[in-house]
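Owing to the predicted nature of the structure, the values given are computational and were not obtained by experimental measurement.
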Amino acid sequence: MATRILIADDQAGIREAFRLILDSQPDMTVVAEAADGRTAIDTAKAVRPDVVLADIRMPGADGIEVTRALAGSGIHVVVVTTFGLDEYVHAALRHGAAGFVLKRSGPTLIVEAVRAAMNGDVLISPQLTVRLLRQAGPPRETSAVVLTEREDEIVALVAQGRTNAEIAAELFLSPGTVKNHIASVQRKTGARNRVSIAAWAWATGRARP
């Protein structure tokens with residue numbers, strides 16, 4: 001079945017551009033639009049899309065508020081914005097965003113962000129990822145964390161920016177098994193998301209940038 005998407009942006013031209021991009025994909029369909037954050041939240045709860053593309057700055061409620069309001073609902077929120085400020089990125093990820101993509105990153109990355117969200121991954125624009133990794137430190141002391149050999153392999157691949165599907169293909173595992181291993185790594189390291197796992201891997205020498 002096609003991934004059902006709601007586009008939330010206060011600029012009609014941006015919504016139209018995103019609709020053209022997403023509707024052109026064989027596995028995606030835009031089912032609703034919203035010109036402000038409050039309408040986005042209400043529409044998402046009524047329509048139940050799989051993914052919401054939410055601008056960071058909107059009237060009524062911003063993209064962070066949309067992410068927070070839909071947390072735990074099963075609806076993935078990908079924040080798409082012109083503004084890559086650190087506080088926006090951290091706030092979005094802290095509240096459970098399934099991606100953070102700069103509008104200037106281009107249509108391909110927006111499509112990939114939607115697919116990543118549906119696969120349980122978090123895609124962040126490359127321009128932002130390096131900056132986040134430089135800022136992040138290891139969540140816990142290295143000596144307190146013991147990973148299995150398989151978890152070590154998966155951590156190294158996460159640090160290389162691989163998606164769950166790519167890791168599964170390389171290690172001959174199911175995507176679900178990879179997801180379970182990543183969840184285990186998060187519990188052991190205290191990492192909140194894939195970016196934190198990668199930062200921890202780099203800081204502890206398990207992977208190289």
Side-chain angles (χ1 to χ4, degrees), residues 1-8 22 25-31 44-45 47-54 63-64 66-81 89-102 105 108-126 128-129 132-133 136 139 147-148 150-201 206-207:
M1 292 179 61
T3 298
R4 302 169 70 251
I5 303 165
L6 184 156
I7 301 171
L22 298 168
Q25 305 301 310
D27 57 341
M28 298 180 189
T29 181
V30 176
V31 295
K45 290 180 177 179
V47 176
R48 303 292 305 175
D50 299 303
V51 176
V52 173
L53 287 186
I64 305 300
V66 172
T67 302
R68 186 189 301 118
L70 298 178
S73 68
I75 300 171
H76 307 288
V77 179
V78 175
V79 177
V80 186
T81 181
V89 182
H90 288 297
L93 295 177
R94 186 169 63 251
H95 290 294
F100 197 103
V101 182
L102 297 177
S105 296
T108 299
L109 202 68
I110 291 170
V111 170
E112 289 179 357
V114 171
R115 293 199 176 111
M118 291 300 292
N119 287 329
D121 295 324
V122 176
L123 189 150
I124 302 173
S125 284
L128 301 174
T129 303
L132 290 173
L133 290 173
L147 302 184
T148 66
R150 180 64 82 192
E151 287 169 348
D152 267 325
E153 291 177 321
I154 289 173
V155 163
L157 293 172
V158 168
Q160 293 173 23
R162 306 289 185 84
T163 66
N164 285 5
E166 290 170 338
I167 295 172
E170 181 158 339
L171 299 181
F172 302 101
L173 301 171
S174 72
T177 298
V178 172
K179 187 175 181 179
N180 289 339
H181 280 304
I182 289 176
S184 174
V185 170
Q186 287 182 268
R187 286 193 298 272
K188 290 180 178 181
T189 63
R192 290 193 300 270
N193 50 52
R194 299 172 79 86
V195 174
S196 295
I197 289 175
W200 180 81
R206 282 177 162 80

Is there a side-chain contact between [X] and [Y], using heavy atoms and a 4.5 Å cut-off?
X	Y	value
L171	I154	yes
R150	L173	yes
P49	I75	yes
V79	V101	no
V78	V80	yes
I7	L22	yes
I197	I182	yes
V52	I5	no

Which pair of heavy atoms, one from [X] and one from [Y], lies closest together, and at what distance?
X	Y	value
V77	A54	CG1-CB, 4.1 Å
A159	A201	CB-CB, 4.0 Å
A69	K45	O-CE, 4.2 Å
G96	T67	C-CG2, 3.9 Å
A44	L70	CB-CD1, 3.8 Å
L123	A116	CB-CB, 4.0 Å

So, taking the atom named CG in L109 and the one named CD1 in I124, what distance separates them when rounded to the nearest 0.5 Å? 10.5 Å

Report the distance from atom CG of L147 to atom CG of D152, rounding to the nearest 0.5 Å. 5.0 Å

Assess the residue pair E151 and K188 against the criterion (side-chain contact (heavy atoms from CB on, under 4.5 Å)); give the C-alpha distance rounded to whole Å, side-chain angles, the decisive distance to 0.1 Å, and a yes or no. CA-CA 11 Å; E151 287 169 348; K188 290 180 178 181; 2.9 Å; yes

Polar side-chain atom of N164 near backbone of V178 as donor-acceptor pair, under 3.5 Å: no

Do the side chain of R4 and the main chain of R48 share a donor and acceptor less than 3.5 angstrom apart? yes

Could you check whether E112 pairs with R115 (Lys NZ or Arg NE/NH1/NH2 to Asp/Glu carboxylate O, under 4.0 Å)? no

